[in-house]
2 protein chains.
Amino acid sequence: MSFCGNMAVAQSGGPTAAINATLCGVIETAMEAEIEIYGAENGIRGVMEKRLAHLNPIFSDKNNRELLRLTPAAFLGSCRYKLPDTSEKNEIYESIFSTLSEKNIKYFIYIGGNDSMDTASKLSSYSYRHKKGVFIIGVPKTIDNDLAGTDHTPGFGSAAKFVAATVKEIARDSAVYAEKSVTVIEIMGRNAGWLTASSALARCETSRAPHLIYLPERPVSRKKLISDLKSRTERNIIIAVSEGIRDENGEYYSKEEASAHDIFGHAQLAGAAGVLAKLYKNEFNYKTRGIELSIPQRASSHFSSLTDINESAQIGAAGAKAALSGKSGIVMGFLRDRQYGIKIVENNAADIANLERFVPDEFIAQSGNDVTEAYIDYAHPLILGEPQLIFENGLPKHIALHNFKDINKK
Amino acid sequence: MSFCGNMAVAQSGGPTAAINATLCGVIETAMEAEIEIYGAENGIRGVMEKRLAHLNPIFSDKNNRELLRLTPAAFLGSCRYKLPDTSEKNEIYESIFSTLSEKNIKYFIYIGGNDSMDTASKLSSYSYRHKKGVFIIGVPKTIDNDLAGTDHTPGFGSAAKFVAATVKEIARDSAVYAEKSVTVIEIMGRNAGWLTASSALARCETSRAPHLIYLPERPVSRKKLISDLKSRTERNIIIAVSEGIRDENGEYYSKEEASAHDIFGHAQLAGAAGVLAKLYKNEFNYKTRGIELSIPQRASSHFSSLTDINESAQIGAAGAKAALSGKSGIVMGFLRDRQYGIKIVENNAADIANLERFVPDEFIAQSGNDVTEAYIDYAHPLILGEPQLIFENGLPKHIALHNFKDINKK
């Protein structure tokens, strides 16, 4: 089958350990279709600024595709640019489609989070209304697992595996001293507690940590935090909290540092672990420590989930195939089989963009300070397996676009 | 050859990813010598409180030895207890040797850091002066690499590998946005910058991060911090700083949080990354972020160095053999061959206890904000290789003493 044009791909939003595996799936599909594939640098901005890297010369080398699959963050760079609403002709949109047209790009795959699915939806609807003839598909990614229309998000499994392994190791470390201690571990997730909940996967025969888990879905008062801790008899307590943990009035515990906002109006959070550690310190006479897992949660491809990496590549390939078959305005998603396995499904981008998917009641314990067995059953298959890493000088080897600027100049 | 008594082993000080490999080396040597081996729980306190676990029944199972080798933190627990000075008979010492005598323990291996080598030295000298007939050997461990009498310390290589891989991943993550940014990464090391220096191992073909490295060996003024950053032209700057970074007056940058002291009188530090991030934020108009690598630096056995794990086991075995051959008051160390390889050497415990080994001038760049190639040559062999992990439910499997309380009660 021969296709009527070339393909472009871009990455947007916060990086993950698996977003490049999705990019790899897109690239391989374009190469199998024998069309040219261009990578827009820094998301949609790369199209607006005519920064399109020709990817075929780089990824005709299988070794480079393998490195890409295992490189964290976004190979093409990212952006947090929000397209304006429009139903009329608009010069930003016209310029985007004009740039795509210069390279005869008929298929555009946008890999990103909620805000990126909004971009895909707007572009697709503009293309349709103004007869641009470009097929635009969204492929989700986020460690937060908070997108609608999918059983789980590409990138979540790797982050969950890293979080669970790290919580397990911190628990082991905290248990070496005979003195009582409380360690508060802060995990990413502004409004949805999926990743914080994954800390429960750390529990095993040798440790029941984390002993308390607080998700943003269940606001918790200072009084309850104290009484929950009083009720625990373990010597070395591990508490997992979401960065977005709120009190009974819906106020962030970390609010003292929440003065900054990103360009989508989301409060930038930091410091919940420190705030809670101080709260416990004032109430209890034992050692307290706050640990923020920070960026490594989303970047630790030295310890990613093979299931996640493989599924992320699959959904990228499926997105590219959907575009090639003439679909547009679609966001790909996972549907879970009864015995764990996934099918890939299509959602209308306009229906799911800007929706947040929260941890449902059935996954949160009645006590409000733990998850249920049903959550464990849900999350466990997502962290299984480990990719074979490629090492260089004792560290995982990566691939970077700036090393190929010469290839693109040829 | 038959031996005149049994062996005890204890672990002390802050845990590492390799201290249990050393314990494994000690246990295997005792088992080969066909003597009983007891583990004192929580360091010397376990002897004082008669908490001695019988290890032969647990570790006659080879699978348990393999799990031990790969379990982070201290299997036997740790302590931060400092033995009193004494040249006279003293009831604490008498009680220690009386407990050892009850189990016919003639060989005692103490695995720990600087403070622990002080304990080994005191016990050995007491044993000699009061004719207790117990041979006491110290085996070093610390991620800080700051002990005298050794080329490097067991535990350092694994921490350095984790730090370098994490800095490389954070650098990749920070580079996805087109906007200027500064990320300050805080790394452990109170007075010695060995581990902070290891961040330089992250440099490779795809990234020159970290762009600036500050060690506690080189105090740095606020003015120099600002001018160093001004001189960098990269878009996304990564700065590695030691938790113990000081200004030109020798004051810790993190001093606002340094009010607490541990029982050895060491200031507890936290917050250098946050303090520097604020300093840069006030001076420069771009995004800044502070990241504290925290406990995962010393606990991440999901990504340890095979070289370190193997050497740690070797030095444990060598310590046990030294005791069995009637040596005492000795601390084991590594001597490096010209082509990388190690020999194990013996130091007089009294000579090296309480000494700190700093990063030497030849390893620190003239600029005071980087390391030299000589440091890279020194540190690089220590992070090579990866152990084959044992997985359970998608996470590295550990072993814990509390799961064997029944075996010990039999």
Side-chain angles (χ1 to χ4, degrees), chain A residues 11 14-15 17 41-42 45 71-74 77-80 161-162 164-166 168-170 172-178 183 201-202 204-207 289 291-296 298-303 305 307 380 383-386 389 391-400 402-403, chain B residues 11 14-15 17 41-42 45 71-74 77-80 161-162 164-166 168-170 172-178 183 201-202 204-207 289 291-296 298-303 305 307 380 383-386 389 391-400 402-403:
Chain A
Q11 296 171 305
E41 297 178 47
N42 300 111
R45 296 199 79 104
T71 294
S78 183
C79 72
R80 291 197 180 277
K161 186 183 182 92
F162 176 78
T166 301
K168 187 171 173 174
E169 290 169 340
I170 292 173
R172 192 111 276 131
D173 184 281
S174 84
V176 302
Y177 294 114
T183 305
L201 299 170
C204 59
E205 197 190 1
T206 59
S207 166
R289 185 195 290 271
I291 299 176
E292 203 183 326
L293 294 192
S294 192
I295 296 298
R298 69 184 195 196
S300 286
S301 58
H302 74 262
F303 195 69
S305 154
T307 300
H380 174 242
I383 69 163
L384 296 180
E386 298 74 40
L389 300 179
F391 281 87
E392 172 186 58
N393 295 323
L395 300 179
K397 189 173 178 181
H398 298 164
I399 187 169
H402 62 79
N403 293 121
Chain B
Q11 296 171 304
E41 296 178 46
N42 299 111
R45 297 199 78 105
T71 295
S78 184
C79 72
R80 290 196 182 276
K161 186 183 182 90
F162 176 78
T166 301
K168 187 171 173 174
E169 289 170 341
I170 291 172
R172 193 110 275 133
D173 185 281
S174 85
V176 302
Y177 293 114
T183 305
L201 299 170
C204 58
E205 197 192 0
T206 59
S207 166
R289 186 195 289 270
I291 299 177
E292 203 183 326
L293 294 193
S294 192
I295 297 297
R298 69 184 195 197
S300 287
S301 57
H302 74 262
F303 196 68
S305 154
T307 300
H380 173 241
I383 69 164
L384 295 180
E386 299 75 40
L389 300 179
F391 281 87
E392 171 186 60
N393 295 323
L395 299 179
K397 190 174 178 180
H398 298 164
I399 187 170
H402 62 79
N403 293 121

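Order of the sequence lines sets the chain letters (A, B, ...), proteins ahead of strands, with each chain counted from 1. The structure presented is a predicted model; accordingly, all values stated were derived computationally and were not measured.
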Closest heavy-atom pair and its distance - P72(B), E169(A): CG-CG, 4.0 Å
Taking all non-hydrogen atoms of both residues, which atom of C79(B) and which atom of R45(B) are closest, and how far apart?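 Heavy atoms of C79(B) and R45(B) come nearest at CB-CG, 4.0 Å.
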Heavy-atom pairs under 4.5 Å with chain A - which of G14(B), S78(B), A73(B) has more of them than the others? S78(B)
Ranking S301(B), G385(B), A175(B) by heavy-atom pairs under 4.5 Å to chain A gives rank one to S301(B)
Heavy-atom proximity to chain B below 4.5 Å, by part of T71(A): side chain
Pick one of side chain, backbone, both or neither for N393(A), based on which atoms fall under 4.5 Å of a heavy atom in chain B. both
Name the option with the most non-hydrogen atom pairs under 4.5 Å to chain B; the candidates are [options].
options                            : answer
E41(A), K161(A), E386(A), H380(A)  : E386(A)
G77(A), A299(A), S305(A)           : A299(A)
A165(A), S174(A), A17(A), S300(A)  : S300(A)
T183(A), N403(A), L384(A), L293(A) : N403(A)

Taking atom CZ of F303(B) and atom CG of L389(B), what is their separation to the nearest 0.5 Å? 10.0 Å
Pairwise distance CZ(R298(B)) to CD1(I170(A)) - rounded to 0.5 angstrom: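 If we round to the nearest 0.5 Å, R298(B):CZ and I170(A):CD1 are 10.0 Å apart.
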Between H302(A) and F162(A), what is the ring plane arrangement, given parallel below 30°, perpendicular above 60°, and tilted in between?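 It falls in the perpendicular class, over 60°.
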Contacting moiety of [X], where chain A heavy atoms sit under 4.5 Å:
X       : answer
T166(B) : side chain
E205(B) : both
S294(B) : side chain
E392(B) : side chain
H398(B) : both
R289(B) : side chain
A74(B)  : both
D173(B) : both
Y177(B) : both

Give a yes or no answer on whether the side chain of K168(A) reaches the backbone of A202(A) with a donor-acceptor pair at less than 3.5 Å. no
Looking at T206(A) and A400(B), would you say the former's side chain and the latter's main chain have a donor-acceptor pair under 3.5 Å?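 No, the answer is negative, given that no donor and acceptor are paired below the 3.5 Å cut-off.
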